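In this text the structure is predicted, and so the values were computed from the model without any measurement.
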Amino acid sequence: MAPPESPQIVTGRCDSSVAMKTTRVKRAFKYRFYPTEAQAAELSRTFGCVRKVYNLALAARTEAWTLRQERVSYNATSAMLTAWKKTGELAYLNEVSSVPLQQALRHLQTAFTNFFAKRAQYPRFKSRKRSRKSAEYTTSAFRFRDGTLTLAKMGEPLHIVWSRPLPEGAKPSTVTVSQDSAGRWFVSLLCEDQTLQPLPPTTAAIGIDAGLDHLLTLSTGEKITNPRHGQRDRVRLARAQRELSRKAKGSANRDNARRKVAKVYARIADRRRDHLHKITTRLVRDNQTIVIEDLTVRNLLKNHTLARAISDAAWREFRSMLEYKAQWYGRKVIAVDRWFPSSKLCSTCGTVRVTMPLHVRTWTCDCGAIHDRDVNAARNILAAGLAVSACGAGVRPQREPSRTRRSVTKQETSRATVGIPVLQGREDVNTASPVR
């Protein structure tokens with residue numbers, strides 16, 4: 001779970017300050033559990049009631065705004081919930097805990113707040129088939145003692161598989177129970193983690209170029225293989241989807257076939273997330289400054305030729321993990337401008353080529369330097385990020401010489417470029433000295 005405050009991201013400006021003091025971070029620890037039949041039935045009823053209350057409140061707020069131009073607050077919807085419980089049609093809302101129902105109204109209030117602040121679209125109604133099944137419990141609706149968790153309206157604790165221990169002395173403030181499309185049950189415990197400490201400072205800095213042939217290319221010359229989890233399970237997924245298409249709608253066989261498809265998707269997502277966690281943890285642990293590109297993945301997905309491969313690479317999830325881990329451990333993430341010509345710029349002489357088609361993986365500059373496309377891009381990204389951090393220079397090089405403005409290379413201090421490998425002449429990229 002990402003921390004409440006976003007990490008320090010520098011885009012085209014100078015800001016070298018990094019928070020090194022220990023901060024309290026709220027983290028969500030997610031575990032799988034196996035409910036009994038009675039617990040599963042109770043949680044399923046709770047999911048349905050949460051969805052019903054959310055939709056009723058959304059309909060009431062929409063109607064009030066459409067007909068009377070009136071904004072309905074959370075307190076008003078809470079009063080509506082009390083009235084709904086007293087009606088015969090909605091009397092079943094009293095059978096489940098009231099806390100998840102109140103939390104659903106708070107989530108709706110947050111959705112409207114984001115909408116009016118133009119951070120999100122207008123809230124949508126929850127669907128029984130497509131929406132996420134979840135219910136949130138606060139401290140008054142659960143009991144956590146001696147490593148056992150008991151929810152309201154339940155007589156026995158949940159059978160949780162504690163795959164990792166909670167932080168010492170941590171007490172959950174919120175518990176969220178959910179069921180994914182594959183039928184697996186999860187419980188997420190939100191705790192305040194006081195064990196996170198900034199890592200010892202280091203002088204190492206690294207630039208990262210994201211790609212498809214290789215998931216990541218580092219400025220040190222290392223290339224991290226793209227595992228292509230979606231492509232590896234494509235045959236299994238296609239077979240499961242064909243079986244699903246043959247089942248009659250509304251039948252139990254179709255529901256079983258749908259669950260098989262969901263399990264394949266869950267397997268892909270779990271493996272991809274695990275791989276990204278290992279990569280980001282290593283990068284944050286070994287480097288003080290990490291420079292990446294500010295990619296707009298949403299726009300890149302409009303390329304229907306590469307959309308599937310880009311989605312499988314999960315660049316946005318990689319950046320999100322990198323950012324919140326950097327904040328936790330006192331590291332710095334710099335995002336350079338998305339239009340910075342990192343691939344077309346020679347990292348030796350600074351010459352920018354006019355074109356650089358995707359099929360060109362190795363090219364020779366007029367100065368005689370031979371570049372690997374991805375390694376050269378990573379080195380340019382690192383140099384641009386360090387220039388921004390050191391002196392506030394723009395991340396895009398000057399296309400024409402100027403008498404009044406010096407180039408970024410001349411403006412950089414000696415400490416800004418120390419340790420950056422530079423190719424001399426026709427030196428091969430594999431023999432260049434790595435960043436220390």
Less than 4.0 angstrom from a charged side-chain N to a carboxylate O is my criterion; do Asp274 and Arg271 meet it? no
So how far is it from Arg373 CZ to His359 NE2, rounded to the nearest 0.5 Å? 9.5 Å
Any salt bridge linking Arg272 with Asp312? Criterion: basic side-chain nitrogen under 4.0 Å from a carboxylate oxygen. yes
CZ of Arg68: more than 12 outside heavy atoms within 6.0 angstrom? yes
Does Lys223 NZ have over 12 foreign heavy atoms under 6.0 Å away? yes
Determine whether a donor-acceptor pair (N or O, by modelled atom type, separation under 3.5 Å) exists between the side chain of Ser311 and the backbone of Ala307. yes
Please examine the side chains of Asp213 and Arg361, heavy atoms only from C-beta on, and report whether any two atoms are closer than 4.5 Å. yes
Would you say that more than 12 heavy atoms from the other residues, nucleotides or ligands in this model lie under 6.0 Å from the CZ of Arg164, or not? yes
Side chain to side chain contact (heavy atoms under 4.5 Å, CB included) between Ile381 and Ile292, intermediate numbers included: CA-CA 7 Å; Ile381 291 171; Ile292 59 177; 5.8 Å; no
Should Phe29 and Pro167 count as side-chain neighbours, where that means a heavy-atom distance under 4.5 Å? yes
Less than 4.5 Å apart, side chain to side chain, heavy atoms only: is that true for Met154 and Leu43? yes
Would Thr77 and Leu81 satisfy side chain to side chain contact (heavy atoms under 4.5 Å, CB included), going step by step from the backbone distance to the final call? CA-CA 6 Å; Thr77 55; Leu81 175 59; over 6 Å; no
Check whether any side-chain heavy atom of Thr176 sits under 4.5 Å from a side-chain heavy atom of Phe186, and report yes or no. no
From CA spacing to verdict: side chain to side chain contact (heavy atoms under 4.5 Å, CB included), Leu215, Ile279: CA-CA 10 Å; Leu215 181 63; Ile279 294 175; 3.9 Å; yes
How about Ser347 and Asn376: does a side-chain donor come under 3.5 Å of a side-chain acceptor? yes
Look only at the side chain of Thr289 and the backbone of Ala205, and say whether a donor-acceptor pair between them is shorter than 3.5 Å. no
Note, Leu196 side chain near Arg27 side chain (heavy atom, < 4.5 Å): yes
Please check if any side-chain donor atom of Gln39 sits under 3.5 Å from a side-chain acceptor atom of Tyr34, or the reverse. no
Just wondering, do Leu189 and Phe144 contact through their side chains at under 4.5 Å, heavy atoms? yes
Counting heavy atoms not belonging to Lys85, are there more than 12 under 6.0 Å from its NZ? yes
Can you establish whether the number of heavy atoms outside Arg130 located under 6.0 Å from its atom CZ is more than 12? no
Going by atom types alone, do Arg285 and Tyr329 pair a side-chain donor with an acceptor below 3.5 Å? no
Check this for me: Arg32, atom CZ, are more than 12 non-hydrogen atoms of other residues, nucleotides or ligands nearer than 6.0 Å? yes
Lys247 with Glu243: basic N within carboxylate O range, under 4.0 Å: no
How about Val99 and Gln103: do any of their side-chain heavy atoms sit closer than 4.5 Å? yes
Check ion pair Asp209-Arg379 (N to O, under 4.0 angstrom): no
Side-chain touch Val50/Thr46, heavy atoms, less than 4.5 angstrom: yes
Hey, are Gln288 and Arg331 close enough side-chain-wise for a donor-acceptor pair under 3.5 Å? yes
Under the side chain to side chain contact (heavy atoms under 4.5 Å, CB included) rule, what do Glu156 and Thr36 come out as? Steps first, then yes or no, please. CA-CA 10 Å; Glu156 54 183 340; Thr36 61; 3.7 Å; yes
Is atom CZ of Arg338 surrounded by more than 12 heavy atoms (other residues, nucleotides or ligands) closer than 6.0 Å? yes
